[in-house]
Asks: 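Dumping the structure here so I can ask a few things about it.
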Amino acid sequence: MRPAMAGQNTYHGKPVVRMHAMVKPTGPICNLDCQYCYYLSKETLLGANGRWCISDETLEMFIRQYIEGQNYKEIIFSWQGGEPTLVGLDFFRQVVALEKKYCPPHVRCENDLQTNGTRLDDEWCEFLRDNRFLVGLSIDGPRQLHDAYRKDKAGNGSFDQVFRTAGLLRKHGVEFNTLSCVNRLTARRPIDVYRFLRDEVGSKRMQFIPIVEPKGFRETAPQRWPAEGMPVVGTPAARPGSPESVVEEWSVDPDDWGDFLCKVFDRWASRDVGKIWVNYFEAAVETWIGRVSPMCTLAPMCGKGVALERDGSVYACDHYVYPEYRLGNIHESPLTSMVLSTRQEFFGTNKERTLPEVCRQCEYEFACYGECPKNRFVRATDGQPGLNYLCPGWKRFWQHIDQPVQRIARGLGYSPVKQTTEATSSVMR
C-alpha cells in the first residue's frame with residue numbers, strides 16, 4: 001500500500017538487504033463473501049485443520065526474522081487477508097509490542113493494514129492513529145457499484161458499513177488509502193468512481209486494481225495453464241461475457257480497463273495533479289523519467305514481495321499462494337533464506353524472460369514489461385502464447401498518457417526516456 005522505495009543500494013556503507021511480506025493472520029477467512037475475491041478459495045486449497053489464526057509462536061518468530069533479515073532504516077509490515085481485523089485489536093497491540101521488542105534503536109517499523117472496513121470503530125481508529133498504521137480501505141465506488149459484488153455471507157451489501165468507516169478514519173485522523181477493484185461493472189463508470197472516492201470518501205490516495213481471473217483459478221495456479229487453451233487476444237474467448245470466455249464473468253474487459261484509466265487520468269490531470277495520488281499515474285511518471293516502476297506489476301522483475309500464511313508457510317507472491325509456489329515455512333527455514341533463494345530469484349526474473357516477442361517489440365515495454373504474469377494467458381495475433389489478457393487496454397492507456405506524462409516529467413526537471421511526436425491526448429496542452 002505504500003509506494004516502494006528505490007534508488008538506495010547501500011545503507012551505512014553496506015549493501016541494503018530489504019524484503020516485503022504480506023502477512024495473512026487469518027488466512028483466507030473473511031466476514032464478507034465478495035464474488036470476485038481471489039483468496040476465499042484458499043480455505044479449501046490450503047486447509048487448516050480447523051485453525052485459521054496465526055499462533056503467538058509463529059507471529060513472534062516472523063516478526064523477529066523479518067526485522068533481523070533487513071538492514072535498512074525502515075521496515076514495513078503489511079497485514080492483509082481474508083480480513084485481518086477478525087483477529088481482534090489485542091492481536092495488533094501484541095504486534096506493536098513485538099516490533100518494539102526486536103526493532104533496533106536506529107530502525108523505524110511501519111505498519112499497513114488492508115481491511116474491508118466493516119469492523120472498525122472508534123477504539124480501533126484511535127489505536128491505528130496512535131501507532132501510525134496506514135489503512136487501506138477497500139471500497140469500489142458508490143453504493144450500487146460497491147454492493148454489486150461486495151456482499152456479506154447473508155448476501156447483504158457492505159456499503160453502509162464501509163462508508164461509515166471512511167468517516168471514522170477521517171474523524172480520528174487516520175492516514176488511509178482507498179483500494180478499488182475495477183471489475184466488469186465499475187470499469188464502465190470511471191468518472192463516477194473517481195468523483196465518489198475524491199469528493200465523498202475524501203480519499204487523497206487511490207489504488208485501482210484490475211479484476212482478472214481465468215476460469216479454474218481456484219484450483220489451477222498461474223502460469224500452469226496449457227498453451228493450447230489460450231485464446232487469441234481480442235477474440236470473444238479473450239473477453240468476459242461470452243459463452244466461450246476463459247475468464248470469470250466479473251473480470252474487467254480489456255478495452256474497458258483502458259477506457260477507465262484514460263478517463264480517470266484526464267480528470268486527474270486537468271485538476272488534481274499534486275492533490276490526489278493515483279497508483280498507476282504516479283508509477284507512469286516514475287518510469288517516464290527513467291526509474292524502475294514502484295509497482296511490482298509494472299516493473300521488469302517481480303517476486304520482491306512474498307506472502308506469509310497463518311501457519312508460517314511462505315509463498316512466492318500474494319497471487320501465487322498455491323502448492324506449486326510454496327517456498328517453505330519459517331519454522332523450518334529462515335525467512336531470509338527463502339526470500340533470497342535462487343528459486344525466488346528465478347521466479348522474479350522469469351517475468352522478463354517469458355515476455356512474448358510482441359511485448360519486446362512494443363514501444364511501451366519500459367512502462368509495462370507485460371504487466372503481472374498471472375494475467376498472461378492469451379495469445380498474440382501471431383499465435384505466440386503468454387500475452388497479457390489486459391494488453392489492449394494497457395497499450396491504449398500508455399498511448400493516451402504519453403505526451404501528458406512527458407510534459408509532467410519536463411515540469412519536474414527531467415528529460416523523459418520516451419520522446420514521441422504523435423499527439424495522442426490533448427490533456428495539459
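The structure displayed is predicted, hence computed values, not measured ones.
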Asks: Cation-pi between K42 and Y322: NZ/CZ under 6.0 Å from ring centre and within 45° of the ring axis?
Replies: yes
Asks: Side-chain contact, heavy-atom cut-off 4.5 Å: T178 with Q207?
Replies: no
Asks: Cation-pi check for W277 against R205: NZ or CZ below 6.0 Å from the six-membered ring centre and within 45 degrees of the axis, yes or no?
Replies: yes
Asks: Please report the shortest heavy-atom distance between H20 and I76, naming the atom on each side.
Replies: CD2-O, 3.8 Å
Asks: Please determine if R195 and E200 form a salt bridge, counting it only when a charged side-chain N lies under 4.0 Å from a carboxylate O.
Replies: no
Asks: Would you tell me whether S138 and Q114 have side-chain atoms, one donor and one acceptor, within less than 3.5 Å of each other?
Replies: yes
Asks: So, do M19 and K304 sit near enough that their side-chain heavy atoms are less than 4.5 Å apart?
Replies: no
Asks: Is it true that D255 and R239 have a side-chain N and a carboxylate O under 4.0 angstrom from each other?
Replies: yes
Asks: Verify, without hydrogens or angle tests, whether T186 (side chain) and N183 (backbone) share a donor-acceptor contact under 3.5 angstrom.
Replies: yes
Asks: Do K24 and E309 meet the salt-bridge criterion of a basic N to acidic O distance under 4.0 Å?
Replies: no
Asks: Quick one, D266 with H400, criterion side chain to side chain contact (heavy atoms under 4.5 Å, CB included). Give me CA distance, side-chain angles, the key distance, then yes/no.
Replies: CA-CA 9 Å; D266 288 352; H400 184 78; 2.7 Å; yes
Asks: Between K351 (side chain only) and A299 (backbone N and O only), is there a donor and an acceptor less than 3.5 Å apart?
Replies: yes
Asks: I need the K395 NZ to C391 SG distance, nearest 0.5 Å.
Replies: 6.5 Å
Asks: With side chain to side chain contact (heavy atoms under 4.5 Å, CB included) as the test, would you mind laying out the steps for L145 and D140 before giving the verdict?
Replies: CA-CA 7 Å; L145 296 179; D140 285 355; 5.5 Å; no
Asks: When you look at T220 and R224, which way does the side chain to side chain donor-acceptor pair (under 3.5 Å) test go after all the steps?
Replies: CA-CA 7 Å; T220 304; R224 293 294 193 270; over 6 Å; no
Asks: Starting at CZ of R150, measure out to CG of D147 and round the result to the nearest 0.5 Å.
Replies: 10.0 Å
Asks: For N388 and E371, what are the C-alpha separation, side-chain angles and deciding distance, and is it a side chain to side chain donor-acceptor pair (under 3.5 Å)?
Replies: CA-CA 7 Å; N388 195 292; E371 205 239 8; 2.9 Å; yes
Asks: Could you walk me through whether Y414 and R291 pass the side chain to side chain donor-acceptor pair (under 3.5 Å) check?
Replies: CA-CA 11 Å; Y414 293 92; R291 297 176 181 171; 2.7 Å; yes
Asks: Just verifying a value: how many Å separate C317 SG and K374 NZ, rounded to the nearest 0.5 Å?
Replies: 9.0 Å
Asks: I'd like to know if the side chain of R410 and the backbone of S415 have a donor-acceptor N/O pair within less than 3.5 Å.
Replies: no
Asks: In terms of side-chain geometry, is the basic nitrogen of R108 or E99 positioned less than 4.0 Å from the acidic oxygen of its partner?
Replies: no
Asks: Restricting to non-hydrogen atoms, name the atom on V252 and the atom on V182 that form the minimum distance, rounded to 0.1 Å.
Replies: CB-O, 3.5 Å
Asks: According to side chain to side chain donor-acceptor pair (under 3.5 Å), who are the partners of R170, at least two apart in sequence or on a separate chain?
Replies: none
Asks: What distance separates S251 OG from I211 CD1, expressed to the nearest 0.5 Å?
Replies: 8.0 Å
Asks: Where do R132 and E110 land on the salt bridge (Lys or Arg N to Asp or Glu O under 4.0 Å) test, with the steps shown first?
Replies: CA-CA 7 Å; R132 301 178 63 247; E110 301 284 353; 2.8 Å; yes
Asks: Under a 3.5 Å threshold, yes or no: a donor from one side chain and an acceptor from the other, between S313 and R326?
Replies: yes
Asks: Cation-pi between R353 and F346: NZ/CZ under 6.0 Å from ring centre and within 45° of the ring axis?
Replies: yes
Asks: Run the ring pair (Phe, Tyr, Trp, His ring centres under 6.0 Å) test against F377 and tell me which residues pass, sequence neighbours left out.
Replies: W225, Y389
Asks: Of all the heavy-atom pairs spanning Q70 and Y66, show the shortest one and how long it is.
Replies: NE2-O, 3.2 Å
Asks: Considering only NZ, NE, NH1 and NH2 on the basic side and carboxylate oxygens on the acidic side, decide whether R198 and D272 come within less than 4.0 Å.
Replies: yes
Asks: Got more than 12 heavy atoms from elsewhere within 6.0 Å of CD, Q144?
Replies: no
Asks: List the atom of P15, the atom of N71, and the distance in Å for their closest heavy-atom pair.
Replies: O-ND2, 2.9 Å
Asks: Could you state the interatomic distance from CG (L40) to CZ (R218), rounded to the nearest 0.5 Å?
Replies: 9.0 Å
Asks: In terms of relative ring orientation, are Y364 and W288 parallel, tilted or perpendicular, with 30° and 60° separating the classes?
Replies: tilted
Asks: Verify side chain to side chain contact (heavy atoms under 4.5 Å, CB included) between Q384 and V358, making sure each step is shown before the conclusion.
Replies: CA-CA 8 Å; Q384 188 174 5; V358 67; 5.6 Å; no
Asks: Rounded to the nearest 0.5 Å, how far does OG1 of T26 lie from CD of Q80?
Replies: 11.0 Å
Asks: Among F260, W398, W394, exactly one meets ring-ring contact (aromatic ring centres under 6.0 Å, His included) together with Y280. Which residue is that?
Replies: W394
Asks: Do NZ/NE/NH1/NH2 and the carboxylate oxygens of E60 and K101 come within less than 4.0 Å?
Replies: yes
Asks: Decide yes or no for L168 and V174: does some side-chain heavy atom of the first lie under 4.5 Å from some side-chain heavy atom of the second?
Replies: no
Asks: Give the C-alpha distance, both sets of side-chain angles, the deciding distance and a yes or no for salt bridge (Lys or Arg N to Asp or Glu O under 4.0 Å) between E228 and R379.
Replies: CA-CA 9 Å; E228 61 272 15; R379 292 176 178 270; 5.9 Å; no
Asks: Measure the shortest side-chain to side-chain distance between L179 and C181 over non-hydrogen atoms and say whether it is less than 4.5 angstrom.
Replies: yes
Asks: In terms of side-chain geometry, is the basic nitrogen of R143 or D160 positioned less than 4.0 Å from the acidic oxygen of its partner?
Replies: yes
Asks: Just say parallel, tilted or perpendicular for the rings of F397 and F265, cut-offs at 30° and 60°.
Replies: perpendicular
Asks: State, without any angle test, whether R360 and Y369 hold a side-chain donor-acceptor pair at a distance under 3.5 Å.
Replies: no
Asks: Name the residue from F217, Y39, Y325, Y315 that meets the ring-ring contact (aromatic ring centres under 6.0 Å, His included) definition with Y320.
Replies: Y325
Asks: Any carboxylate oxygen within less than 4.0 angstrom of a Lys/Arg side-chain nitrogen, looking at K171 and D122?
Replies: yes
Asks: Starting from the C-alpha separation in whole Å, work towards a yes-or-no answer on ring-ring contact (aromatic ring centres under 6.0 Å, His included) for F127 and F133.
Replies: CA-CA 8 Å; F127 168 84; F133 274 62; 5.5 Å; yes
Asks: Between A237 and P231, which heavy-atom pair has the shortest distance, and what is it?
Replies: CB-CB, 3.6 Å
Asks: For the pair E83 and R119, find out whether any cationic side-chain nitrogen is under 4.0 Å from an anionic carboxylate oxygen.
Replies: no
Asks: For Y194 and W268, run ring-ring contact (aromatic ring centres under 6.0 Å, His included): C-alpha distance rounded to whole Å, both residues' side-chain angles, the deciding distance at 0.1 Å, then the answer.
Replies: CA-CA 9 Å; Y194 182 72; W268 171 82; 8.7 Å; no
Asks: Given side chain to side chain contact (heavy atoms under 4.5 Å, CB included), test Q344 with F347 step by step and report yes or no.
Replies: CA-CA 5 Å; Q344 183 67 356; F347 174 83; 4.0 Å; yes
Asks: State, to 0.1 Å, how close P373 and C302 come at their nearest heavy-atom pair, and which atoms those are.
Replies: CG-SG, 4.2 Å
